[in-house]
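Computed from a predicted model, the values in this text were never measured in an experiment.
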There are 2 protein chains.
Amino acid sequence: MDGPHTDKRQAILETALGLFCERGFHGTPTSMITREAEVATGTLFHYFSTKEALIETIYLTIKGEMREALCAHIEPQDPVGEQIRRICANYIRWGVENARKFQFMEQFHNAPQISAHAHEEGMAQFSFVHDIVQRGIDEGALKPHPTGLQFSMFGASTGAVVRLILSGNGGEGIDALIDQAIDLIWDGIAAPAASPTPPR
Amino acid sequence: MDGPHTDKRQAILETALGLFCERGFHGTPTSMITREAEVATGTLFHYFSTKEALIETIYLTIKGEMREALCAHIEPQDPVGEQIRRICANYIRWGVENARKFQFMEQFHNAPQISAHAHEEGMAQFSFVHDIVQRGIDEGALKPHPTGLQFSMFGASTGAVVRLILSGNGGEGIDALIDQAIDLIWDGIAAPAASPTPPR
DNA sequence: CTCATAACAGACTGATTAGTCAATCTAACA
DNA sequence: TGTTAGATTGACTAATCAGTCTGTTATGAG
């Protein structure tokens with residue numbers, strides 16, 4: 001899989017990711033990417049037909065990695081509550097440990113031109129979370145509010161925690177903060193009957 | 001307050017807001033703004049020294065309007081829970097009724113170049129919400145988690161609801177959805193002792 | 001070694017950009 | 001009426017951009 005060329009291609013991808021995060025898509029000319037990656041202009045366009053194709057490649061790669069990270073230690077037979085709490089923790093940890101990639105995704109989501117087709121696709125990728133939330137509602141573990149609402153708030157809250165930690169305003173204990181955040185999110189969506197903070 | 005020139009200036013501001021939402025900051029050349037607003041190139045730069053100054057003006061204006069909307073019907077002597085629930089409702093309604101302005105703000109937040117100084121300033125503007133949350137924690141109405149965490153999640157969840165409604169995936173009853181969303185948010189941050197959904 | 005194919009280079013181009021500037025218009029006031 | 005200050009104009013510019021083109025090097029098969 002590692003062809004002889006891969007290092008230049010990889011250098012472009014990684015340099016671009018960094019610059020996009022620092023300066024935004026449009027604030028980063030291709031010339032800047034090639035200069036920093038120490039490759040020629042032509043090399044970039046040899047691997048990626050357009051600048052947009054480069055952005056999309058980065059997006060798809062990260063999306064895959066993210067999905068992978070989210071699924072870690074999730075067993076279908078586990079109770080819904082545990083699965084959701086684990087997905088939540090996985091996402092926060094991934095975001096904190098992959099700050100640049102997290103920021104790239106945030107930027108991508110809010111880019112008006114791009115988001116149209118990609119937003120749909122991105123949502124579809126994470127439909128398994130949607131399904132788990134749905135199951136939680138069916139089983140009575142979650143409040144009987146619309147799935148879409150719960151899913152949205154779950155995602156937004158989790159992202160907010162990552163941003164808080166990355167901005168450095170989260171105090172010292174990151175692990176403790178993550179636990180507290182999961183409790184807040186869980187108490188919001190969990191059915192009152194269920195224990196507010198079930199045993200881990 | 002309405003000088004003789006105000007209409008051209010206003011036309012630029014409004015046209016720019018629309019285009020920025022549809023196409024992004026960098027996807028919108030100043031030439032496009034002036035063409036659509038039916039003013040000359042020079043006129044734009046007569047009122048706004050740079051494109052960035054134009055963006056910043058729009059940002060500051062919207063931020064003020066938003067703050068105004070958030071404060072509606074808030075009385076300092078009301079219990080914290082009611083204040084928070086009301087701010088929440090105010091924000092969601094403002095976002096839904098001012099979709100373009102809401103989208104502009106979202107875009108602004110995620111723009112790497114700009115956000116640096118403005119993000120700080122924006123946060124400071126909404127410190128009164130921060131204070132209410134702090135008071136809620138002190139009075140025992142909210143969970144004793146860090147103020148920053150609760151504030152962040154409060155804001156993120158609220159934004160998520162607006163996005164959900166604007167995307168049209170929220171089902172039919174917007175008012176019902178808002179009420180449900182407020183319950184979810186409140187149950188997340190409220191202290192378990194307090195009634196999960198206090199009387200309105 | 002020969003040849004083909006893909007990797008790589010970087011000067012170059014046409015289009016586009018933010019921003020300038022000298023000229024003209026408008027309105028208020030003396 | 002003449003003067004002045006601000007509003008308005010749009011052709012213009014210098015810089016910059018994504019992407020091209022022509023050529024050179026590396027690799028690997030026969």
Side-chain angles (χ1 to χ4, degrees), chain A residues 1-59 61 104 107-108 111-114 116 118, chain B residues 1-60 104 107-108 111-118:
Chain A
M1 185 168 282
D2 237 56
H5 62 284
T6 309
D7 46 335
K8 296 244 171 187
R9 197 184 122 104
Q10 202 59 29
I12 293 170
L13 284 170
E14 251 151 60
T15 308
L17 173 61
L19 289 170
F20 284 150
C21 288
E22 287 167 29
R23 325 178 33 92
F25 298 139
H26 298 273
T28 311
T30 53
S31 58
M32 192 181 288
I33 298 171
T34 54
R35 197 187 319 129
E36 190 138 325
E38 293 179 314
V39 299
T41 319
T43 308
L44 190 153
F45 288 99
H46 174 68
Y47 288 113
F48 311 98
S49 59
T50 63
K51 185 186 182 183
E52 216 180 300
L54 167 65
I55 296 174
E56 207 163 292
T57 301
I58 296 177
Y59 171 72
T61 308
F104 180 94
Q107 223 189 299
F108 197 93
Q113 323 94 28
I114 301 170
Chain B
M1 185 170 280
D2 238 55
H5 61 285
T6 309
D7 46 336
K8 297 243 172 188
R9 198 185 122 102
Q10 201 58 29
I12 292 170
L13 284 170
E14 251 150 61
T15 307
L17 173 61
L19 289 171
F20 284 150
C21 288
E22 286 166 30
R23 323 178 35 91
F25 298 139
H26 297 273
T28 310
T30 53
S31 58
M32 192 181 287
I33 298 171
T34 55
R35 199 186 318 131
E36 191 139 323
E38 293 179 313
V39 298
T41 318
T43 308
L44 190 153
F45 290 98
H46 174 68
Y47 288 113
F48 311 98
S49 60
T50 63
K51 185 186 181 183
E52 217 180 299
L54 168 64
I55 295 173
E56 207 164 292
T57 302
I58 297 177
Y59 171 73
L60 289 171
F104 180 93
Q107 223 187 299
F108 197 94
Q113 323 93 28
I114 301 170
S115 67
H117 87 105

Asker: Return no unless some side-chain N or O of B:Thr43 is found under 4.0 Å from OP1 or OP2 of D:dA7.
Answerer: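 Negative; the distance criterion is not met.
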
Asker: Specify the separation, in whole Å, of atom NZ of B:Lys51 and atom P of C:dT17.
Answerer: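 So the two atoms are 9 Å apart, to the nearest Å.
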
Asker: What is the distance, to the nearest angstrom, from the CD atom on A:Glu56 to the P atom on D:dA18?
Answerer: 17 Å

Asker: Give the rounded distance in Å between these two atoms: NE2 of A:His26 and C1' of C:dA18.
Answerer: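 About 16 Å, once rounded to whole Å.
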
Asker: Is there a side-chain contact between A:Ile55 and A:Phe104, using heavy atoms and a 4.5 Å cut-off?
Answerer: yes

Asker: Once you round it to whole Å, what is the distance between C1' of C:dA6 and NZ of A:Lys8?
Answerer: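 To the nearest whole Å, that distance equals 14 Å.
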
Asker: What is the distance, rounded to the nearest whole Å, between atom CZ of B:Arg9 and atom C1' of D:dT8?
Answerer: 16 Å

Asker: Any non-hydrogen side-chain atom of B:Phe108 less than 4.5 Å from a side-chain atom of B:Ile58?
Answerer: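 Side-chain contact under 4.5 Å: no.
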
Asker: Which pair of heavy atoms, one from B:Ala11 and one from B:Ala37, lies closest together, and at what distance?
Answerer: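 Reported closest heavy-atom pair: O-CB, 3.9 Å.
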
Asker: Roughly how many Å is it from CG in B:Leu44 to P in C:dT17, rounded to a whole number?
Answerer: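 Between P of C:dT17 and CG of B:Leu44: 14 Å.
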
Asker: Could you list all N or O pairs between the protein and nucleotides 20-24 of chain D that sit under 3.5 Å apart?
Answerer:
none

Asker: Taking the side chain as every heavy atom from C-beta outward, state whether B:His46 and B:Lys8 have any pair of such atoms under 4.5 Å apart.
Answerer: no

Asker: Could you state the interatomic distance from CD (B:Glu52) to CD (B:Glu56), rounded to the nearest 0.5 Å?
Answerer: 6.5 Å

Asker: Does C:dC8 have OP1 or OP2 under 4.0 Å away from a side-chain N or O of A:Tyr47?
Answerer: yes

Asker: Please report the shortest heavy-atom distance between A:Ala53 and A:Ser49, naming the atom on each side.
Answerer: CB-OG, 3.9 Å

Asker: With a 4.0 Å cutoff (strictly under), does any side-chain N or O of A:His46 reach OP1 or OP2 of C:dC8?
Answerer: no

Asker: When you compare the side chain of B:Thr57 with that of B:Leu13, does any pair of heavy atoms fall below 4.5 Å?
Answerer: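 Of all side-chain heavy-atom pairs linking B:Thr57 with B:Leu13, at least one is under 4.5 Å.
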
Asker: Within this structure, what is the CZ-to-P distance between A:Phe48 and C:dA6, rounded to whole angstrom?
Answerer: 18 Å

Asker: Where the side chain of A:Pro29 is defined as all heavy atoms beyond and including C-beta, which of C:dC8, D:dA18, C:dT17 is the nearest nucleotide?
Answerer: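 Of the candidates, D:dA18 comes closest.
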
Asker: If you take any heavy atom closer than 4.0 Å to DNA chain C, which residues from residues 30-38 of chain A end up in contact?
Answerer: none

Asker: Please examine the side chains of A:Phe25 and A:Gln107, heavy atoms only from C-beta on, and report whether any two atoms are closer than 4.5 Å.
Answerer: yes

Asker: With side chains defined as the heavy atoms from C-beta onward, is the minimum distance between B:Leu19 and B:Ile33 less than 4.5 Å?
Answerer: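 Yes. Closest side-chain heavy atoms under 4.5 Å.
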
Asker: How long is the line joining CZ of A:Arg23 and P of D:dT16, in whole Å?
Answerer: 12 Å

